[in-house]
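Working notes, beginning with the structure itself.
The shown structure was predicted, so the numbers you read here are calculated from the model rather than taken from an experiment. Every chain is numbered from 1, with letters handed out A, B, ... down the list of sequences.
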There are 2 protein chains.
Amino acid sequence: METRELRYFVAVAEELHFGRAAQQLGIAQPPLSRAIQQLERRLGAALLERGSRGVTLTEAGSVLLREGRAALDAIDAAERRTRRAALAPTGQPGVVLVTKAGATGELLAKLLDAYAAEPGAVAVDVMLCGIGEQERLLRDGRADVALLHRPFDSTAGLDTEELHAEGQVVVLPAGHPLTGRARVRMSDVAALPGLPLPRWPHADGTFPDGAGPPVHHHTQLLQLIALGRASAILPESVRAELRDGLVAVPVADAPTVTTVIAWPPHSRSRAVAALVRAATRL
Amino acid sequence: METRELRYFVAVAEELHFGRAAQQLGIAQPPLSRAIQQLERRLGAALLERGSRGVTLTEAGSVLLREGRAALDAIDAAERRTRRAALAPTGQPGVVLVTKAGATGELLAKLLDAYAAEPGAVAVDVMLCGIGEQERLLRDGRADVALLHRPFDSTAGLDTEELHAEGQVVVLPAGHPLTGRARVRMSDVAALPGLPLPRWPHADGTFPDGAGPPVHHHTQLLQLIALGRASAILPESVRAELRDGLVAVPVADAPTVTTVIAWPPHSRSRAVAALVRAATRL
DNA sequence: AGCGGCGATACCTCCCCGGTATCGGACCAG
DNA sequence: CTGGTCCGATACCGGGGAGGTATCGCCGCT
């Protein structure tokens, strides 16, 4: 199977429309139709159901969509990492570390300091991204190592080391009745009238249903809370960045949040290994 | 990057010889040379060092070899799983479960029974393989789920659930002085004269250096022990398959062996999920 | 100097990819 | 049922690229 065919198929499977997929790929529709037919012939499998009401995926087609995306990511990763390795004529090409914008500020600073002090340390590019993007960045080679927070971030398919565990607090606008309490329970928070919990995007970019405002970024969320439009349950360490007008109250029965350092499993890079070692020694 | 180029590069990187690589790929040498040059141009990276004393990998080249193998595995997996999904017009295509020949006999039987009793269970093909092959089989799509033994098998890049933990015993020929002991320590075993521990192959198929006999299979090993040529430290459950002439003595300070069920992280197959659920309920 | 091994180059052929034009079936409006 | 439109499939053509053969250039060995 050639990557060209795979890219074409993924485009069609996502659009469920040959014409639009072809446009998006920058080719005409007929060669796209032919490429998909040829792929189906070679695999001996019907991938798409062409009905008069548009195109639908067969069972085999949805398998290929899932597996094919992973394969294309792996190819992108190979290409990117090779390019980066080539840019550094001497030794390691520098490491890209990715973490959610607005989180892990202190831990990250300590980690970078500790690693920089090691002999043979290379440049670490810090990349900040939105919620749920890290796994993708690691898989397609744009990043080499990430700081994640379980149980929020999925660590499926990644190697991890635990760095830090902490409880959670509920962040509320100052003056809210609950701010007087020493600690609260999940049930207290779930029932808050007029202060819905925000909705984070899933890995595929869609949002769960619900009443709360959709949120991509940390700071965005804190602002909403200050405006009295939402509340949120977040790790204790947000206390460090609470502005005036925001109050944090511990939530007794919220799940513990574990900060982990994660990397793709076949990453045998010396620099990543050293970074992980530095992190576990913090 | 096209898979053809990637396959060509991996062949050359493994052979470190254009002529032999071309022969192995079934093409002539000149097109292979050109393909590699074109790949290097497109990546903007020197991958191979052509010296008069043959070919060597550059830093970027070894990155691409490692990442490229993973990407090719992912493509093979996509192709195999799609083909298998297409063969089953109704529902799921059957699951391939892989485990080491000679191990986990009882646990496996119970798992298959428990899963078969579930509603909606599909056919489970059991595949037996040698030491260290399971991870590869999962990655390139020849298998969907595996029974592994930590810490011997690497579970890097796989999702796992723990099923069973057990201590280890040393297996000795009957009549050996140590067989009178109720239990022994690692240091007792390491010092055994004339009964070296066997060497298992690494993931890449090579053997570590040492005195012991190289071993691929369980039964092979037990036979060597009965002949008085080796001893081995193995999980307790081997007791069930000890023939006459073999004795097992618990090793107090050997690491615990954990049997886990493992699957590739993006495997969203309903059948694999049900199998894992059945396994954790055992 | 002569020779053998090995990768690069030159040059040719043919296939396959992509483009344009057109077809054919499904659905819709009247 | 007829004309229109939407959409994927088919027909056909042209160019680029993949692979083949022959040969070169370089290095090391004797």
Nearest whole angstrom, please: distance from the [atom2] of [N] to the [atom1] of [X].
| X | N | atom1 | atom2 | result |
| --- | --- | --- | --- | --- |
| B:Glu15 | C:dC6 | CD | P | 12 Å |
| A:Gln29 | D:dT10 | CD | P | 11 Å |
| A:Ile27 | D:dG15 | CD1 | P | 20 Å |
| A:His17 | C:dA26 | NE2 | P | 17 Å |
| A:Glu40 | D:dA9 | CD | P | 8 Å |
| B:Glu2 | C:dC16 | CD | P | 15 Å |
| A:Leu25 | C:dC17 | CG | P | 15 Å |
| B:Arg50 | C:dT9 | CZ | P | 9 Å |

Among B:Arg80, B:Arg139, B:Arg84, B:Arg81, whose salt bridge (charged side-chain N to carboxylate O under 4.0 Å, His left out) with A:Glu67 holds? B:Arg81

Classify the side-chain pair [X]/[Y] by whether it contains a donor and acceptor separated by less than 3.5 Å.
| X | Y | result |
| --- | --- | --- |
| A:Thr56 | A:Glu49 | no |
| B:Arg66 | B:Ser62 | no |
| A:Gln37 | A:Ser33 | no |

Donor/acceptor link under 3.5 angstrom from A:Gln37 side chain onto base of D:dA9: no

Crowding at CD, A:Gln223 (>12 non-hydrogen neighbours, <6.0 Å): no

If you draw a 6.0 Å radius around CD in A:Glu5, do more than 12 non-hydrogen atoms from other residues or ligands fall strictly inside?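 Correct, the count exceeds 12.
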
Nucleotide-level pairing of DNA chain D, given in dot-bracket where Watson-Crick and G-U pairs need both distances under 3.5 Å and | marks other strands: ||||||||||||||||||||||||||||||

If you only use heavy atoms from C-beta on, which nucleotide in D:dG19, D:dG8, C:dG18 is closest to the side chain of B:Tyr8?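 Between D:dG19, D:dG8, C:dG18, the one nearest the side chain of B:Tyr8 would be D:dG19.
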
Out of C:dG19, C:dG7, D:dG8, which nucleotide sits closest to the side chain of A:Phe18?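 Selected nucleotide: D:dG8.
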
Mapping B:Pro30 and B:Arg20 onto DNA chain C by nearest heavy atom, which one lands closer to the 5' end? B:Arg20

How long is the span from the OG atom in B:Ser269 to the CG atom in B:Leu275, to the nearest 0.5 Å? 9.0 Å

Under 4.0 Å between a side-chain N or O of B:Ser33 and OP1 or OP2 of C:dG7? no

Are any of A:Gln38's side-chain N or O atoms less than 4.0 Å away from OP1 or OP2 of C:dC17? yes

Would you kindly compare A:Arg34 and B:Arg4 by the position of their nearest DNA chain D nucleotide and give the one closer to the 5′ end?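 Its nearest nucleotide being more 5', the pick is A:Arg34.
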
